[in-house]
Amino acid sequence: MTTTVAARAERTDTQQATTTMTLAKAINTGLRSSLAQNEKVVLLGEDIGRLGGVFRVTDGLQREFGADRVMDTPLAEAGIIGTAVGLAFRGYRPVCEIQFDGFIYPGFDQIVAQVAKLHYRTGGIVRMPITIRVPFGGGIGAVEHHSESPEAYFAHTSGLRVISCSNPQDAHTMIRQAIDCDDPVLFFEPKRRYWVKGEVDQNITGQTPMESARVVVPGNDVTVVAYGPLVMTAMDAATAASDDGVSVEVIDLRSLSPIDFATLTASVRKTGRLVITHEAQQFGGLGAEIAASITERSFEYLEAPPVRVTGFDVPYPPAKLEEHFIPDLDRILDAVDRVMGNRNSLTDWGN
Amino acid sequence: MTTTVAARAERTDTQQATTTMTLAKAINTGLRSSLAQNEKVVLLGEDIGRLGGVFRVTDGLQREFGADRVMDTPLAEAGIIGTAVGLAFRGYRPVCEIQFDGFIYPGFDQIVAQVAKLHYRTGGIVRMPITIRVPFGGGIGAVEHHSESPEAYFAHTSGLRVISCSNPQDAHTMIRQAIDCDDPVLFFEPKRRYWVKGEVDQNITGQTPMESARVVVPGNDVTVVAYGPLVMTAMDAATAASDDGVSVEVIDLRSLSPIDFATLTASVRKTGRLVITHEAQQFGGLGAEIAASITERSFEYLEAPPVRVTGFDVPYPPAKLEEHFIPDLDRILDAVDRVMGNRNSLTDWGN
Amino acid sequence: MFSEIDTARSVDTTEFRDRITPPDSIDQPMRSGEIIQLLTPDGQRRKNSQFDPWLRDITGDVLADLYEDHVVARRIDTEATALQRQGELGLWPPLIGQEAAQIGSARALRDDDFVFSSYRENAVAYCRGVDLTDMIRVWRGNAHSGWDPYAIGMAPPTVIIGAQTLHATGYALGCKRDGIDSVAIAYFGDGATSQGDVNEAMVFAASFQAPVVFFCQNNHWAISEPVGLQARRPIADRAPGFGIPSLRVDGNDVLAVMAATRIALDRARSGGGPTFIEAVTYRMGPHTTSDDPTRYRDRAELDEWAAKDPIIRLEALLKNIGVFTDELRESVAAKADQVARDVRAGCLSLDPPEPLTVFDHAYSTPNSWLDRQKSQYAAYLDFYSGGAR
Amino acid sequence: MFSEIDTARSVDTTEFRDRITPPDSIDQPMRSGEIIQLLTPDGQRRKNSQFDPWLRDITGDVLADLYEDHVVARRIDTEATALQRQGELGLWPPLIGQEAAQIGSARALRDDDFVFSSYRENAVAYCRGVDLTDMIRVWRGNAHSGWDPYAIGMAPPTVIIGAQTLHATGYALGCKRDGIDSVAIAYFGDGATSQGDVNEAMVFAASFQAPVVFFCQNNHWAISEPVGLQARRPIADRAPGFGIPSLRVDGNDVLAVMAATRIALDRARSGGGPTFIEAVTYRMGPHTTSDDPTRYRDRAELDEWAAKDPIIRLEALLKNIGVFTDELRESVAAKADQVARDVRAGCLSLDPPEPLTVFDHAYSTPNSWLDRQKSQYAAYLDFYSGGAR
Ligand SMILES: Cc1ncc(C[n+]2csc(CCOP(=O)(O)OP(=O)(O)O)c2C)c(N)n1
Ligand SMILES: Cc1ncc(C[n+]2csc(CCOP(=O)(O)OP(=O)(O)O)c2C)c(N)n1
Ligand SMILES: [Mg+2]
Ligand SMILES: [Mg+2]
């Protein structure tokens with residue numbers, strides 16, 4: 001039996017011992033690898049140095065690589081992003097940490113008007129290989145501005161790439177892919193999953209490309225698309241549904257812009273039913289894009305209209321109400337019933 | 001024959017003489033009325049005083065109402081919005097002008113994290129009756145940042161209302177409704193239509209409510225939804241289509257958040273076909289929300305999947321390329337052919 | 001040749017009161033970096049001909065009241081921290097060490113003045129007369145804002161660093177337009193001075209000559225970042241370049257803080273425009289109950305500042321002037337105990353809000369989209385309420 | 001008592017060169033508001049013991065070259081304005097009146113320095129050696145950026161007011177990390193100083209001691225807003241509070257500008273960190289060709305500044321020192337004519353870009369969504385190219 005080159009590469013990867021670590025640690029080791037491999041990689045952010053970040057994602061990196069590569073910056077997000085733009089002009093690959101989702105907005109102008117546009121503006125001459133790390137989402141009982149899901153703003157911004165990870169292996173691989181990418185990347189980290197543990201192979205060759213979605217649970221009746229923190233919830237829902245005899249296919253989107261519609265379309269053409277879930281408010285969220293694009297591309301395959309299970313269209317609520325905001329297993333199952341044509345919460349609800 | 005109260009009110013309105021004016025002037029007179037009627041209305045912005053704004057929308061207002069009600073501010077958008085927040089705390093109804101669409105981003109944090117959230121944050125105690133006027137869209141041959149359509153960012157922001165006008169009468173009525181509204185309103189002005197003339201009745205009672213869409217061309221075969229600058233284009237397309245024997249119903253959305261789905265649904269249930277057009281980039285734009293919501297609510301009525309005709313997912317291009325970015329009559333007609341199942345540009349295109 | 005802050009000129013010692021005139025004529029600069037102190041760490045009263053006139057009404061009784069405020073504020077802090085440790089609060093941002101800065105300034109305000117603060121100003125809220133349960137509401141996760149801003153003249157805490165400085169500026173502009181002499185005061189930290197918003201607030205306030213006081217508590221840290229990372233000059237030096245006079249006071253000295261605030265308020269009320277105050281203090285506790293300051297700062301620094309504690313020095317002053325009686329000690333202790341009990345009881349009395357209130361007050365007027373969503377979620381809750389699933 | 005800019009201290013007259021030391025030791029402040037001038041409006045050379053040493057290499061020949069730069073820059077401006085009036089350009093932002101500020105600073109730079117500018121710095125671009133067609137490309141609407149930034153050491157014009165100051169700071173930080181002595185220079189206007197970004201740039205530059213020069217052209221107007229609306233103090237007074245020394249020079253005096261820029265560059269190269277320069281000048285033309293300045297400013301102000309014209313005084317100096325020969329006049333005129341012809345020819349040579357290039361360079365790597373969109377639009381163009389519709 002002959003071994004192909006690709007298979008050999010695969011084997012080499014798998015020979016690499018895997019380690020069990022948390023999702024936060026997986027990002028930490030990813031950053032560490034990137035810092036070690038390319039001296040043009042620098043980290044900027046608030047409290048990322050001695051403190052190691054409020055989530056300890058950069059723990060130990062300043063000690064290892066020095067304060068001029070892992071830089072605590074003054075407290076100003078526009079300043080962080082704008083400085084990163086200048087560093088990118090000079091050939092650096094800056095990785096910016098935004099401390100919490102809700103603090104990205106002071107940097108919005110620099111991201112949308114500069115980072116996203118400079119490559120286009122300069123006819124492809126200047127590159128902006130900037131990675132912006134954003135811990136996002138709720139479920140940690142936090143005060144205001146600490147639980148938001150602003151990904152759709154960036155997905156709607158031409159020139160940016162937006163990705164999100166749901167497990168330690170992807171966290172490690174994808175942060176490194178993001179840093180390696182010559183385009184600017186918004187990297188959304190599911191903060192309430194930082195402490196989830198998993199096996200991590202630190203060899204990134206042979207891993208799924210950054211732009212690809214992944215079928216994490218195969219199934220036949222309903223496609224459930226999720227990303228970031230809700231992938232685990234969707235997987236739990238698939239398990240619960242299978243007890244009821246419904247076969248749910250769960251897709252981890254991974255890349256939010258662009259979206260891997262090839263994988264999504266293939267799934268929906270098989271199942272004929274689509275549920276999309278995200279924590280972000282619904283109106284104008286990514287669920288709308290997925291529903292619209294899938295409908296456009298696979299209308300004749302759909303047994304039912306796509307259903308979205310999302311956060312509500314209110315500002316993120318106080319912690320004591322967040323269970324009534326974040327989609328959970330039950331709300332996803334209710335939507336599965338809906339697309340299956342089973343009795344559900346809206347069966348008797350007047351439209 | 002008896003005359004109902006409503007009819008009498010209507011008659012009173014129509015007795016009011018109408019005047020022909022440009023869309024820009026219609027906003028100007030609307031601002032003037034609001035300033036005259038409520039001393040808590042104040043205008044803030046760059047160059048809105050002596051210059052009267054770069055589009056002259058505030059022409060003459062500082063002279064008439066004084067520099068403490070029509071205030072030229074220092075050159076800082078966050079400063080403008082943040083100052084308006086403080087004025088609203090004190091009972092004012094500030095109207096902020098953002099000079100061009102592309103300059104709103106430095107004020108994004110104050111809009112998204114403060115203006116949009118303060119009413120919710122304070123459990124309904126503090127009101128933010130702030131109107132943010134934004135000339136938007138392309139087609140004027142401008143340099144970068146002067147032709148953008150950022151409405152989807154704000155429509156995706158809970159707590160804000162977003163509206164856009166397409167003709168002088170609505171421009172006048174809607175700016176006054178926006179100022180009267182106790183919620184914050186983003187008011188998108190179709191800058192390339194500023195010089196379009198029309199009849200304006202300056203009596204706003206009896207006019208269409210701010211949240212309502214309007215059927216501007218009735219038709220039976222295809223529903224075309226547009227707003228702002230593209231309403232005129234869509235109307236032209238309807239005329240052209242009728243020459244080809246296709247009856248197009250054009251809906252002027254007017255309110256972008258919330259969207260008047262009652263009107264849209266009624267239309268689509270009649271026509272069975274939906275085309276949505278906007279200048280903003282497509283991915284994650286409002287077209288996606290409309291397509292997704294209509295599909296969800298009227299799936300069984302649809303003869304074809306909704307089609308979007310939009311700007312492309314690139315940064316707004318240089319002026320010499322904008323004709324290849326902004327949807328025009330031909331692109332809308334091509335989409336009409338598509339939903340009609342007629343031969344169109346994608347008939348032979350491999351998916 | 002370079003335009004620089006004057007670091008050489010000595011302090012003007014003429015009577016200040018006479019010099020309250022528009023900023024352009026304030027031509028006697030304070031020496032850069034100098035910190036005004038009226039009360040030494042060991043409770044000695046230092047004379048200051050400019051500040052003292054502003055404190056003539058501060059009798060022994062008033063000092064005793066201020067002392068009570070300090071003790072109560074610290075007690076609230078301790079109790080809230082305990083409640084957080086016990087899982088009753090989600091988070092608490094201790095103000096321990098900053099009592100004098102907050103109380104001295106807040107007690108200088110009139111009821112009709114208006115406060116825009118960050119998350120740490122709970123002693124300010126206390127001085128504004130906030131209900132103790134309301135104070136705790138945010139930190140238990142029950143609400144984003146605990147109190148009625150108009151009832152106590154204080155906006156809800158602003159978490160976005162620095163944003164509230166612009167709100168204060170706008171509010172002040174409104175007061176000016178309304179022809180009243182109320183003043184807005186913005187509280188913010190040393191870290192906040194790096195934010196664009198704070199600098200824009202200074203630009204707007206100066207341009208409009210808004211009656212606003214910028215009150216910066218330089219507590220030496222922004223989470224783990226020392227103030228030196230934000231500013232290589234004393235923070236008070238920043239404002240003059242914007243055309244805003246500034247004062248730098250010992251933030252652990254309630255008298256210096258109060259006098260400075262009164263001076264600034266008086267300037268604002270009399271049309272003098274904005275003033276910037278830097279209160280030099282120290283965050284003795286962690287950034288919040290989630291923080292572990294041992295990762296980034298030394299014990300020695302803490303000890304140094306413990307010796308400058310605002311309560312110790314106020315107590316010493318009271319002793320020096322014979323006001324610190326057993327009776328006072330006991331009444332203050334009793335009050336603090338009572339407040340602590342009220343905080344705890346208030347906290348425990350707060351049940352989670354009703355589910356459907358998640359939709360309330362996003363808009364003040366009906367919103368077809370959200371109303372539909374609420375109705376659907378109500379149907380959802382109904383559908384499953386019988387344990388249907 | 002208030003911390004204020006020193007308005008009383010007189011200028012230090014010691015030799016400057018010896019004092020180039022870290023900013024903390026620059027303890028001889030310039031008098032607030034004082035404007036350094038080396039060349040009077042009537043062409044007299046004023047001695048200045050601090051600045052003169054920086055101009056020792058500025059011989060008559062160099063002055064003649066600078067003069068040519070001025071005349072050419074103005075001619076480009078006139079030609080571009082004419083092209084706009086003739087419908088060949090979409091817009092043009094005239095720099096007329098600001099030639100000395102732009103040329104004096106740009107000619108102080110080394111090739112390996114890097115410029116981050118606003119839209120108005122076309123004379124800077126000219127000095128950086130930009131191809132004239134490239135200069136015009138943006139304004140004809142053919143591109144967002146006319147030139148290769150790395151070829152001429154100058155980023156594309158930044159339209160978002162003030163944003164580029166942060167880019168310059170980041171670039172400078174990169175130079176410092178790279179261990180080279182290149183410097184970044186940020187050009188911006190008086191209006192820009194109100195933006196958060198510009199203030200944050202000063203915070204970051206000071207904190208990191210980045211080798212960056214903040215070059216503010218105070219041309220007295222931000223579209224229709226006079227500088228007094230943005231700042232109640234001289235703009236140069238803003239920087240010292242951030243720990244950044246500043247210089248205020250006559251922006252219509254090419255020698256003062258050049259000396260100041262050289263001083264600032266030298267500080268940056270030798271590890272001294274950022275410097276702020278305010279060049280006091282005047283926008284003689286409209287904001288852009290779309291603007292109508294008669295709506296907001298007086299003829300008298302224009303006349304006053306016309307008398308301070310940078311070209312007139314340079315010509316007078318050249319005459320005074322006997323360099324202004326007929327030959328020079330003619331060669332400069334010929335050069336200006338040639339440049340004007342090149343600008344026009346370059347402009348007219350620019351055909352609209354190919355339709356499908358609208359998709360190019362949004363991403364540097366393949367993007368499935370956009371690639372599909374491009375393919376569909378190509379199909380659309382194809383489908384209708386035969387006039388199918
Ligand atoms: C815009 C924004 N960025 C970051 C944060 C996270 N954060 C919360 S508090 C804080 C430090 C604030 O320091 P300082 O202004 O000195 O106030 P202090 O906490 O010392 O009272 C930071 C970085 C935030 N709340 N808002
Ligand atoms: C963020 C932003 N807001 C507003 C504008 C619109 N605008 C363009 S130029 C200008 C005035 C700039 O004045 P200044 O900084 O003094 O530069 P100058 O034009 O005088 O060279 C304004 C308000 C802009 N380009 N960017
Ligand atoms: Mg602090
Ligand atoms: Mg200017």
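In what follows, chains carry the letters A, B, and so on, assigned in the order in which the sequence lines appear, proteins first and then strands, with residues in each chain numbered from 1. All values below come from the heavy atoms of this structure, side chains included, with hydrogens, waters and symmetry mates left out.
- Scanning residues 158-178 of chain C against chain B with a 4.5 Å heavy-atom cutoff picks out T158(C), I160(C), A163(C), L166(C), H167(C), G170(C), Y171(C), L173(C), G174(C), C175(C), R177(C), D178(C), ordered by number.
- With a 4.5 angstrom heavy-atom cutoff, V198(C) does not touch chain B via any of its atoms.
- In this structure, no portion of S255(B) lies under 4.5 Å from any heavy atom of chain C.
- Here V358(C) is the residue among V358(C), V138(C), V203(C) with the most heavy-atom pairs under 4.5 Å with chain B.
- For P366(C), the part lying near chain B is the backbone, with the side chain staying farther off; criterion is any non-hydrogen pair under 4.5 Å.
- Residues R297(B) and R372(C) have side chains in contact (heavy-atom distance under 4.5 Å, counting atoms from C-beta outward).
- Annotation: side chain of P258(B) is not in contact with side chain of D371(C) (no heavy-atom distance under 4.5 Å).
- With a 4.5 Å cut-off on side-chain heavy atoms, H144(C) and L118(B) do not count as touching.
- Applying a 4.5 Å heavy-atom cutoff, the residues of residues 61-68 of chain B that approach chain C are D68(B).
- Heavy atoms closer than 4.5 Å to chain C are found nowhere in K117(B), neither backbone nor side chain.
- Inspection of the D197(C) and Q110(B) side chains reveals an N or O donor paired with an N or O acceptor under 3.5 Å.
- Interface remark: of the candidates D360(C), N199(C), L370(C), T365(C), T365(C) forms the most heavy-atom pairs closer than 4.5 Å to chain B.
- The aromatic rings of W369(C) and F261(B) are tilted relative to each other, their planes meeting at an angle between 30° and 60°.
- For L160(B), the part sitting under 4.5 Å from any heavy atom of chain C is the backbone (N, CA, C, O) and nothing else.
- Only the side chain of D109(B) comes within contact range of chain C, with heavy atoms under 4.5 Å apart.
- Heavy atoms from other residues, nucleotides or ligands lying under 6.0 Å from CZ of R90(B) number more than 12.
- For chain C, the option among T122(B), I80(B), I125(B), L44(B) with the highest count of heavy-atom pairs below 4.5 Å is I125(B).
- For S207(C), the part sitting under 4.5 Å from any heavy atom of chain B is the side chain, from C-beta outward, and nothing else.
- Considering S145(C), P149(C), S364(C) as possible partners of V126(B), the one that fulfils the side-chain contact (heavy atoms from CB on, under 4.5 Å) test is P149(C).
- For the pair Y120(B) and Y363(C), the minimum side-chain heavy-atom distance is 4.5 Å or more.
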